[in-house]
Amino acid sequence: LKTLGADAVGMSTVPETLAASHMGMQVLGLSCLTNKASGLSGTPLSHEEVLTVAARSSETIKQLIIAFCKDLSVPANP
């Protein structure tokens, strides 16, 4: 996938987006990259690393979602 230009590959974002789009939903994707794939990092993968990075990122993601939702409630200029 890197040769095709991908910087990251999600585990389930695409199937979920396709299903939602098929149902007529508008979709916004937000991902938190918690580690490099097996063999791309100098350290072994661990679930602990995923939990640590996700916890460290949670406040930033929360604030991003709050700001986005507040923006949705503001009428657009015609």
Side-chain angles (χ1 to χ4, degrees):
L1 293 172
K2 185 175 184 175
T3 60
L4 296 173
D7 293 320
V9 177
M11 294 179 63
S12 66
T13 307
V14 171
E16 293 164 351
T17 299
L18 290 173
S21 180
H22 179 73
M23 295 172 58
M25 298 172 69
Q26 292 182 331
V27 178
L28 169 70
L30 178 64
S31 297
C32 175
L33 305 178
T34 55
N35 62 13
K36 292 185 175 185
S38 181
L40 298 180
S41 160
T43 58
L45 298 178
S46 73
H47 187 60
E48 187 64 35
E49 176 187 22
V50 172
L51 295 175
T52 299
V53 173
R56 193 172 50 222
S57 304
S58 66
E59 186 61 30
T60 300
I61 292 170
K62 174 183 160 186
Q63 294 303 319
L64 180 63
I65 292 170
I66 289 170
F68 177 78
C69 290
K70 285 180 181 177
D71 194 49
L72 286 177
S73 65
V74 176
N77 291 332

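Please read all numbers here as calculations on a predicted model, not as lab measurements.
- Side chain of Ser21 to backbone of Thr17: no donor-acceptor contact under 3.5 angstrom is found.
- How far CG of Leu18 is from CE of Met23: 13.0 Å, rounded to the nearest 0.5 Å.
- Considering all non-hydrogen atoms of both residues, Thr13 and Ser31 come closest at OG1-OG, 3.9 Å.
- Atom CD1 of Ile66 is surrounded by more than 12 heavy atoms from other residues, nucleotides or ligands within 6.0 Å.
- The CG atom of Leu33 lies 9.5 Å from the CG atom of Asp7; values are rounded to the nearest 0.5 Å.
- Grouping Ile, Leu, Val, Met, Phe, Trp and Tyr by side-chain contacts under 4.5 Å, direct or through others, puts Ile65 with Leu30, Ile61, Leu64.
- Taking CD of Gln63 as the reference point, atom OG of Ser58 lies at 10.0 Å (rounded to 0.5 Å).
- Separation of atoms CZ (Arg56) and CG (Leu51) is listed at 12.0 Å; rounding is to 0.5 Å.
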